[in-house]
Amino acid sequence: MRLLLFPLVSIVFSHWTDELDLPSELLEYTIRLKIALTFARDAKAIRIEEVLSNGRCWGHEPDCPFDKSYSAERIVCSLPVAAGKIQNRKVQRDHFFEQADWGYLRGNGRSERNGICTSGDAEKSRLVCSDHLAHCTAENIFFDFSNLHAKRSKRYRDDVIQAGQVGGNCDNFNKKLLDSHTDRQSYLQSWGAELKHFEASSEFVVDDDHCDVIFEKLTIVIKLDASINMFHHFCDFINLYASQHINGSLFDTDVDILWWDTFSNGFVDPYFKPAWSAFTQNPPVELIALDGKKVCFKKALLPLLARQRYGMYYNMPMTDGCSGSGLMHAFAHHMLHRLRVPQKGPMRDKIRVTILSRSTMHRRIINEKELLARLQSMEGVEAKIVDYNGKVPFLEQLEVTHNSDIFIGMHGSGLTHLLFLPDWAAIFEIYNCEDESCYYDLARLRGVRYKTWSNMTLLTRHGEGRHPHNGSPHAKFTDYSFDVDEFERIVTQLVEYVKRHPQFVDARRKLRRNESGMKEEL
């Protein structure tokens, strides 16, 4: 009967893919994970036999060849290879793929499944972790937060869980295996400090007699980096997204999230809280709300964390000369889609340029109004200044960024917005303040063009600038102004880059076709 019905599946239409809430370019890669539900999508006309036979895959799957991966047409290696380091372009590309793309999810034991606690009974416990306890999945386990003492707790504590305060009911518990992977216990590197005391108890059951609080849904338990700094905080989000891929997620949002932050005032996340709606439709729970309670989880994901050794993207080594991580591209488009950030461009005859101003004590552009005036005098350029301070809601910031063809700003965490530029865009870090690789590497990951100031004779430093803690001279603690002609020269190069980008050209062509069609209808 199944064989007779299979040919009919390709012409059956269903709305289940709409419920996945994924951008169209990511949809086919995701639905391959659930073949039994691979129906065609109404308007997109994705047919089951086409999807299942095209061989495409993300790139982290063990049997995924690079030429069929999501990154195959995105990674570009074009700069000269350093002598003696890498032999050819393919090796260069493969290094980049393993360091900064889907291959990263397979590296350093991240894809390993170490069964620390296993059971044959669905009501019993399970704990499976990657090497070094970098990420784990669990079923029917508990944490006892009697040792949190939230009112006097400090941030980044690694002593919250003590002996007897974490465990489950395992048929088989491999204590030796657990101990062998507790070698990295730094707070934002692994789950070693939280799981090293895991114990098996034949008496434990997830019920009201053994638990003060029970999380019934899949719960993402996540330790977090600094929420006031976009660069660091979005390491949390990209690693969570990567962890969902490792665990074969369909990105369901009917999940709970527990913010594991040991600070007495909790995590809060005042600036970027809307970003969580890309992962859950439910309000996150703060750790301090569970103070003194024994908390049980029927299903839990403990994801990759923000500051792993050689992590994504903090502490990440990257091969010179390559750009365009498919993983980062998928993350950006996933977030933009889930957060409903519209792309209103491109404009028919102008390039949209945005200058990011800083209302901070340091790294201000003293002559930014003069630079803006020069931009506004350039033919075919529409320019404006924005200040992404706490008064501008995050989703409004994203909409401005995503509708900028060229984004300009001083070195600072606000440049993390480059992740959400259109694919054809360029980022101009007007001065990197002697931190040369930070946003250059992030731009390479995202696959957008990067430029920074190079002629130091055409830059004016206003004050010596000294580090607030040790008093030494420091380029990040002063303000700057820039030669207007040199500024225009660099922006002109970026304008030409954007205008010639294939995706920009294609988007403009579609815009003009639509305009012509509208005129004909009138």
Side-chain angles (χ1 to χ4, degrees), residues 105-148 156-206 210-211 213-215 218-224 239-240 242-244 246-248 258 260-262 287 290 293-311:
L105 304 187
R106 300 191 302 235
N108 202 22
R110 294 183 189 91
S111 62
E112 294 299 317
R113 297 288 189 270
N114 298 300
I116 294 168
C117 165
T118 58
S119 301
D121 187 336
E123 298 300 315
K124 289 187 176 183
S125 304
R126 173 178 166 272
L127 177 65
V128 178
C129 298
S130 68
D131 291 355
H132 315 294
L133 306 184
H135 72 87
C136 304
T137 57
E139 295 179 10
N140 301 317
I141 69 164
F142 73 87
F143 286 103
D144 187 334
F145 296 111
S146 298
N147 193 49
L148 177 58
Y156 304 141
R157 282 177 54 196
D158 60 5
D159 62 347
V160 170
I161 303 301
Q162 299 294 315
Q165 294 182 333
V166 58
N169 187 344
C170 317
D171 285 343
N172 299 288
F173 173 49
N174 193 330
K175 180 68 164 60
K176 185 176 181 180
L177 181 62
L178 172 63
D179 291 344
S180 70
H181 288 289
T182 57
D183 53 332
R184 297 180 184 177
Q185 294 187 35
S186 179
Y187 184 83
L188 287 173
Q189 284 191 6
S190 80
W191 294 95
E194 291 73 28
L195 293 174
K196 65 182 179 181
H197 295 298
F198 190 95
E199 297 177 359
S201 169
S202 60
E203 304 299 320
F204 173 69
V205 181
V206 178
H210 294 83
C211 312
V213 177
I214 300 175
F215 282 86
L218 171 63
T219 304
I220 297 168
V221 183
I222 182 169
K223 295 189 288 186
L224 297 149
N239 280 286
L240 173 53
S243 301
Q244 289 180 308
I246 291 174
N247 290 286
L258 171 58
W260 188 301
D261 191 298
T262 61
L287 185 66
L290 304 174
K293 293 180 169 58
K294 186 175 181 178
V295 181
C296 300
F297 302 87
K298 289 197 171 179
K299 289 187 177 182
L301 168 64
L302 283 62
L304 296 167
L305 298 169
R307 300 203 184 194
Q308 306 157 70
R309 295 184 187 180
Y310 310 118

Discussion item. With heavy-atom distances below 4.5 Å as the criterion, would you say the side chains of N169 and N140 are in contact?
Written reply: no
Worksheet item: When the ring planes of F142 and F204 are compared, do they come out parallel, tilted or perpendicular, using 30° and 60° as the limits?
Response: tilted
Discussion item. Are L302 and E194 packed together at the side-chain level, in the sense that at least one heavy-atom pair is separated by less than 4.5 angstrom?
Written reply: no
Discussion item. Please enumerate all residues that pass salt bridge (charged side-chain N to carboxylate O under 4.0 Å, His left out) together with D159, with sequence neighbours excluded.
Written reply: R157
Discussion item. Measuring only between side-chain heavy atoms, which start at C-beta, is L287 closer than 4.5 Å to K223?
Written reply: no
Discussion item. Could you measure the distance from the OG1 atom of T219 to the NZ atom of K298? Nearest 0.5 Å is fine.
Written reply: 11.0 Å
Worksheet entry | Inter-residue atom distance D179.CG - I116.CD1, 0.5 Å rounding | 9.5 Å
Worksheet item: Between S125 (side chain) and I141 (backbone), is there a donor-acceptor pair under 3.5 Å?
Response: no
Practice prompt. If the plane angle is over 60° it's perpendicular, under 30° parallel, otherwise tilted; pick one for H181 and H132.
Written response: perpendicular
Response to the item:
L305 and S190 have their tightest heavy-atom pair at CD1-O, 3.4 Å
Discussion item. Is there a side-chain contact between L195 and T182 in this structure, where contact means two heavy atoms from C-beta onward sitting under 4.5 Å apart?
Written reply: no
Discussion item. Are W191 and F198 an aromatic pair, judged by ring center distance below 6.0 Å?
Written reply: no
Worksheet item: Can you tell me how far the CG atom of D144 sits from the CD1 atom of I161, to the nearest 0.5 Å?
Response: 7.0 Å
Worksheet entry | Heavy-atom side-chain contact between R113 and I246 under 4.5 Å | yes
Worksheet item: More than 12 foreign heavy atoms under 6.0 Å from OH of Y310: is that the case here?
Response: no
Worksheet item: Would you say E123 has more than 12 foreign heavy atoms packed within less than 6.0 Å of its CD?
Response: no
Worksheet item: Rounded to the nearest 0.5 Å, how far apart are CD of Q189 and CD of Q308?
Response: 8.0 Å
Worksheet, complete the sentence: d(T118 OG1, N172 CG) to nearest 0.5 Å is 4.0 Å
Worksheet entry | G120 backbone acceptor or donor facing D171 side chain under 3.5 Å | yes
Worksheet entry | Side chains of S243 and L304 in contact at under 4.5 Å (non-hydrogen atoms) | yes
Worksheet item: Is there a donor-acceptor pair closer than 3.5 Å between any side-chain N or O of T262 and the backbone N or O of Y156?
Response: yes
Worksheet item: Side chains of F143 and V160: closer than 4.5 Å at any heavy-atom pair?
Response: no
Worksheet item: Does some side-chain heavy atom of L224 sit less than 4.5 Å from a side-chain heavy atom of W260?
Response: no
Fill in: Rounded distance [0.5 Å steps], CG in L301 versus NE2 in H135
8.5 Å
Worksheet item: In a check of side chain to side chain contact (heavy atoms under 4.5 Å, CB included) between N114 and each of L133, N174, D131, which one passes?
Response: D131
Fill in: Residue pair S119, D121: steps toward the side-chain hydrogen bond (donor to acceptor under 3.5 Å, both in side chains) verdict
CA-CA 5 Å; S119 301; D121 187 336; over 6 Å; no
Discussion item. Show the nearest heavy-atom pair for residues E139 and K299, with the distance to one decimal.
Written reply: CG-CG, 4.1 Å
Discussion item. Does atom NZ (K294) have a neighbourhood of more than 12 heavy atoms from anything else shown, all under 6.0 Å?
Written reply: yes
